[in-house]
Number of protein chains: 2
Amino acid sequence: MGGSVSSANSLSVEELGSAAQRDRRKRILDATIALASKGGFDAVQMRAVAEQADVALGTLYRYFPSKIHLLVSALGREFERAEAATRDKPIPGDTAHERVMFLLNRTTKGLQGDPHLTEALTRAFMFADASVQSEIHTVGMLLSTMLTRAMHPGKEDLTDDDVAIARVIGDVWLSALVGWVTGRTSAGDVTKQMDVAVRLLLRD
Amino acid sequence: MGGSVSSANSLSVEELGSAAQRDRRKRILDATIALASKGGFDAVQMRAVAEQADVALGTLYRYFPSKIHLLVSALGREFERAEAATRDKPIPGDTAHERVMFLLNRTTKGLQGDPHLTEALTRAFMFADASVQSEIHTVGMLLSTMLTRAMHPGKEDLTDDDVAIARVIGDVWLSALVGWVTGRTSAGDVTKQMDVAVRLLLRD
DNA sequence: GGACGAAGTGAAACGTGTTCCTATTATGGC
DNA sequence: GCCATAATAGGAACACGTTTCACTTCGTCC
């Protein structure tokens, strides 16, 4: 896991030439999600992923230079799906508080429906080091986009404070998620913590 | 790293009978800090810790059941030192905001003075799973104590909001730290993020 | 001082992430 | 179709966290 901050990035969909390659990449991520969903972080074993995706171990490493890259990329794909599914759909709620809580609750409930998957993805995200910067950045941008849209639907020029608040909410959400994943707090606590934080940050 | 939530805890100072045992424990934690300080998370290798602490590998595992337990315990000891060093010393500042920022800035600056050590301890803390609950809890309580004391020096009956705000600040601080450790944000950004969060949460 | 159990030692062995190497197969240009 | 090159397969090898085991040392009770 060491080494300098090299250019070893995960191969993104765009830079994959052939359809066969895009399909391999998809199979790998599908296998990752399936294994994570069944047994969490520890169950995502590189040999098992390769076998289930029907690629050689070397190929897996060619597409994703480490287990962490793999899992964070899988997280990114899930986030993209979630973001795409809710784009253009207005978020219900009369106030920023209500809309943000709606978004957080829906997402949190979704995650809690698959605890193992959530554990795997969250641990990977938290353990990632500098070499996973770009994959992490993708996820961070998506989260920030979803939150600011919930706060101010349709607003174009976001203030620094808008962005800062979204960031703080994202931070708290991640911490709460980590607490839940590691068995420190209950599912209800996550919602409660979020509600308190959002109430403090978005006084309508 | 798998397994059920067993009773495998780190041996705490209190339950260590002899002076020789307390000394072994101290040597182990000293070696851990030294190695972490020199090379970060990856450099804290169990064989190296055992050798430097002059104990057998099996003994190291008897005192700390995993590398994560070891590092989080080391973090706990450092936190205890920091907390003890500032207990009874009033924190300068006229407002809660000023005092909290003073505390955070001082601590952050201390951490940034030893990036490798900070990286090792932060990664361990974030990667910890349910089996490290009690060690994590120790750290969480210390952090919460320090923050609420900075917010309301001498106050006895803290409200739910006081505790919630401290928790949110702690969450944001951790996230910011993770961002810095993983090279996503600069040292200055950490301070800036904290200032924004504290300003939003503690409107004087 | 001897016996007994707990704690410590030393080393081998195992599991899984990661790297490396060689043979084989796709792919694209001529 | 044929060659050059890249991509993939298959699998051995390595590193480090963790486990295990046979043996030794330490502390305590008689």
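Reminder, nothing fancy here: chain letters follow the sequence lines and each chain counts from 1. The structure displayed is predicted, hence computed values, not measured ones.
- Atom C1' of nucleotide D:dT18 and atom CG of B:L70 are separated by 13 Å, given to the nearest angstrom.
- Along DNA chain C, the nucleotide nearest A:G58 and the nucleotide nearest B:V55 are compared for position; the residue whose nucleotide lies closer to the 5' end is B:V55.
- Ring-centre distance between B:F127 and A:F41: below the 6.0 Å cut-off.
- With distances taken from any side-chain atom of A:A56 to the nucleotides D:dG10, C:dG8, C:dG17, the minimum falls on D:dG10.
- The distance from atom OH of B:Y61 to atom C1' of C:dA7 is 18 Å, rounded to the nearest whole Å.
- Checking D:dT19, C:dT16, C:dG8 against the side-chain heavy atoms of A:Q45 singles out C:dT16 as nearest.
- Contact between A:V172 and A:A197 at its shortest, heavy atoms only, is CG1-CB, 3.9 Å.
- Side-chain atoms of A:R47 and base atoms of C:dT18 include a donor and an acceptor less than 3.5 Å apart.
- With distances taken from any side-chain atom of A:K67 to the nucleotides C:dT9, C:dG17, D:dG10, the minimum falls on C:dG17.
- With a 4.5 Å cut-off on side-chain heavy atoms, B:M194 and B:V100 do not count as touching.
- Computed from coordinates, the B:R22 CZ to C:dA7 C1' distance equals 16 Å when rounded to whole Å.
- Using a 4.0 Å cut-off between charged nitrogen and carboxylate oxygen, B:R123 and B:E119 count as a salt-bridge pair.
- In this structure, A:L35 atom CG and C:dG17 atom P are separated by 11 Å, rounded to whole Å.
- Distances were taken from every side-chain heavy atom of A:Q21 (C-beta onward) to each of D:dT8, D:dG17, C:dT18; the shortest belongs to D:dT8.
- For A:D54 and D:dA9, the CG to P distance is 7 Å, given to the nearest whole Å.
- When the P atom of D:dG10 is taken as reference, atom CE of A:M46 falls 17 Å away, rounded to whole Å.
- With no hydrogens or angles considered, a side-chain donor-acceptor pair links A:S66 and A:H69 at under 3.5 Å.
- Between A:E51 atom CD and D:dT8 atom C1' the separation is 17 Å, expressed in whole Å.
- For B:R62, taking side-chain heavy atoms from C-beta onward, the closest of the listed nucleotides C:dA7, C:dT27, C:dT19 is C:dA7.
- The separation between A:D129 atom CG and C:dT18 atom C1' is 14 Å, rounded to whole Å.
- B:V49 comes within 4.0 angstrom of no nucleic acid atom, judged by non-hydrogen atoms across all strands.
- Candidate nucleotides C:dT9, C:dG8, D:dG10 were compared by shortest atom distance to the side chain of B:R24, and C:dG8 ranks first.
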